[in-house]
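All values below were derived from every heavy atom in this structure, side-chain atoms included, with hydrogens, water molecules and symmetry-related copies excluded. These numbers were taken from a predicted model, which means no experiment stands behind them.
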Protein chains: 2
Amino acid sequence: MYGVQLSTGYGAPVVDQARRAPLNRDRVLAAAVGLADAGGIESLSMRRLAQELGVVPMALYKHVSDKDALLDGMVDAVLGEIEPVTPGSDWRTAVQQRVLSARRAVLRHPWARKAIESRTSRSPVVLDHMEALAAAFRAGGFSADLTHHVLHTLGNRIWGFSPELFDAPHDPAAPVPSPAEQEVRSAEFGRRFPTVLEIAVTATRGDLGAVGGGCDEQFEFEFALDLLLDAFDRLREQGWSSAADPRRGGA
Amino acid sequence: MYGVQLSTGYGAPVVDQARRAPLNRDRVLAAAVGLADAGGIESLSMRRLAQELGVVPMALYKHVSDKDALLDGMVDAVLGEIEPVTPGSDWRTAVQQRVLSARRAVLRHPWARKAIESRTSRSPVVLDHMEALAAAFRAGGFSADLTHHVLHTLGNRIWGFSPELFDAPHDPAAPVPSPAEQEVRSAEFGRRFPTVLEIAVTATRGDLGAVGGGCDEQFEFEFALDLLLDAFDRLREQGWSSAADPRRGGA
DNA sequence: AGGCTAGGTGTACGGCGTACAGCTGTCAAC
DNA sequence: GTTGACAGCTGTACGCCGTACACCTAGCCT
């Protein structure tokens, strides 16, 4: 609409500032990541993205086959931020480095968790990450068999996150209940879910209403990761094999 | 449109078969679950659901506040299928029973995994499940502290599923590559991702192209569950406490 | 008889992803 | 220098979505 006719007639325009640099897949992905970083994944639409890039929505389809491909590309972009492991590390540090680096990348982009969970792609970037992790285990003396099951057990933790079990994001628009009402609710809650309450009290060290009163996700993550790595190590030492596993009908 | 005027005038209609039984929340939820079971969660829209119930879309909003609430209700419906634990079980069997029962429920509804992951609700049904699990651990001698971290570590596995790491659902519409092309691709793949390939070969016992050639998810699930329960047991025996954990600055 | 209410209807709005048919500026081949 | 292919962008349109709002209707309570 606006810049279109600036370059018609009268030879080449002297300053062509009105002409955008041509789009390409990377610019599209970068803009999409930026938009999602700023407004959450659900605020990302092809139309808004196009607007952001000063372009008509259909222009995007020359660089990205559809919205699914866009999301795949965005996930790849985030996962591309994972740093390579310092060479010569033992298997345990290698795995930890890689996984914790993935975690940092994912935490930089709050929408990435959801996006990763919703994808079922095995792009080269994804496979690179898996390859690196698998190779670390193999080099550390894990059998291919054990490595396979160990990766399954790590599950989404290889992407640097575990599910948010308890933290419901606090809705700031929710009406603040009166103290009396709060009292009643807590009492009811405690009657019906005494153990959950006990745990919540323990986790928050007593002040349930604390502002950031969720769990320490970083601690939980590292706790689980170490627990798993210890358990894996034990299996490796024992020479575990699925063929000999009772679940598989083994000895 | 069709049945509307059947009951106008002429007193009470003799047979009122044209008048639907009035909707209610449970009927709405049941129909939604049915629709999702049949066509996947992405084929579930308020409009389709209304049509299924022989009603205009807006009628649903008298029973469900919006689509999010519908999804919450559907998840609750699935989780409501979890069977209670046989009383008197030790903590380990109790946890296993409950978790494996959740798994069966979720497997009955293929869309449930995605739906559960996308929810951030802590409905009574959800809390009931957590309470039961937490109580089992507590009764088994786990401290509230340890129980908390243990639940985090189980993560989504308390809902009976772990992420699909490798299984991309096979797209039947994808063009079948020629054997020669297949050969080339495998070679490239093996060069770039040798460990991943090795693992895939191991997991499928050699026949990579096998029809159901994915992983044995049930085995992976039970493997991980047992591994975790063993590790938890060890911590319990050792009297683990987060205060004494090195990550927490403890001794 | 009169009004209240729960449940169902009809219409409409603003958003979405994307198919399809142009247009236009660039550049290689002649 | 003309021509034609082609990559990149535009414009329009379609069918879908969730849901706000105003309305109607039947049954019930007083």
Side-chain angles (χ1 to χ4, degrees), chain A residues 1-14 16-29 31-32 35-36 39-74 115 118, chain B residues 1-14 16-29 31-32 35-36 39-74 115 118:
Chain A
M1 261 291 194
Y2 303 103
V4 168
Q5 15 208 47
L6 287 183
S7 59
T8 62
Y10 302 111
V14 184
D16 206 346
Q17 50 189 353
R19 167 153 266 96
R20 281 173 286 83
L23 241 46
N24 60 45
R25 192 179 148 88
D26 282 349
R27 289 223 303 130
V28 169
L29 289 181
L35 227 53
I41 194 76
E42 66 287 337
S43 84
L44 174 71
S45 72
M46 296 302 270
R47 297 172 123 100
R48 243 201 277 275
L49 177 55
Q51 194 174 20
E52 186 77 10
L53 289 163
V55 118
V56 96
M58 285 312 291
L60 301 175
Y61 288 83
K62 296 288 180 187
H63 306 281
V64 146
S65 67
D66 60 5
K67 195 180 180 186
D68 264 10
L70 178 75
L71 287 167
D72 284 344
M74 292 170 65
S118 75
Chain B
M1 262 290 195
Y2 303 103
V4 169
Q5 14 207 48
L6 287 182
S7 59
T8 60
Y10 303 112
V14 183
D16 207 347
Q17 50 189 353
R19 165 155 267 95
R20 283 174 283 83
L23 241 45
N24 60 47
R25 194 178 147 88
D26 282 348
R27 288 222 306 130
V28 169
L29 289 180
L35 227 52
I41 195 76
E42 65 285 339
S43 84
L44 174 71
S45 73
M46 296 301 271
R47 298 172 122 101
R48 242 200 278 275
L49 177 54
Q51 193 174 21
E52 186 76 12
L53 289 162
V55 119
V56 98
M58 287 311 293
L60 301 176
Y61 288 82
K62 298 287 181 188
H63 307 281
V64 146
S65 66
D66 59 6
K67 197 182 179 182
D68 263 11
L70 177 74
L71 286 167
D72 284 342
M74 291 169 66
S118 75

Tell me: [atom1] of [X] to [atom2] of [N], nearest whole Å?
X       : N      : atom1 : atom2 : result
A:Leu49 : C:dT18 : CG    : C1'   : 14 Å
B:Gln51 : D:dG18 : CD    : P     : 13 Å
B:Met46 : C:dT9  : CE    : P     : 14 Å
B:Glu42 : D:dG18 : CD    : P     : 13 Å
A:Lys67 : C:dA19 : NZ    : C1'   : 18 Å
A:Leu44 : C:dG17 : CG    : C1'   : 12 Å
B:His63 : D:dT19 : NE2   : P     : 16 Å
A:Arg25 : D:dG8  : CZ    : P     : 14 Å

Per atom distances to the A:Asp66 side chain, the nearest of D:dC9, D:dG18, C:dT18 is C:dT18

Against the side chain of B:Ser45, the closest entry in C:dG10, D:dT10, D:dC17 is D:dC17

Quick one: pull up CE in B:Met74 and CG in B:Leu44 and give me the separation to the nearest 0.5 Å.
-> 5.0 Å

What's the verdict on side-chain contact (heavy atoms from CB on, under 4.5 Å) for A:Arg48 and A:Leu35, showing C-alpha distance, side-chain angles and the deciding distance?
-> CA-CA 9 Å; A:Arg48 243 201 277 275; A:Leu35 227 53; 4.3 Å; yes

The residue, B:Tyr61 or A:Leu60, whose nearest nucleotide of DNA chain D is more 5′ is A:Leu60

For B:Met58 and for A:Asn24, find the nucleotide of DNA chain D with the closest heavy atom, then tell me which residue's nucleotide is more 5'.
-> A:Asn24

B:Lys62 near the nucleic acid: base, sugar-phosphate alone, or nothing, with a heavy-atom cut-off under 4.0 Å?
->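 B:Lys62: base contact, heavy atoms under 4.0 Å.
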
Residue whose closest nucleotide on DNA chain C lies nearer the 5' end, A:Pro57 versus B:Ala59 = B:Ala59

So does A:Arg47 reach the base of C:dG15 with its side chain, donor to acceptor, closer than 3.5 Å?
->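 Such a pair does not exist between side chain and base.
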
What closest approach, in Å, do [X] and [Y] show between heavy atoms, and which atom pair accounts for it?
X       : Y       : value
B:Leu49 : B:Ala32 : CD1-N, 3.6 Å
A:Val28 : A:His63 : CG2-CB, 4.2 Å
B:Ala50 : B:Pro57 : CB-CA, 3.4 Å

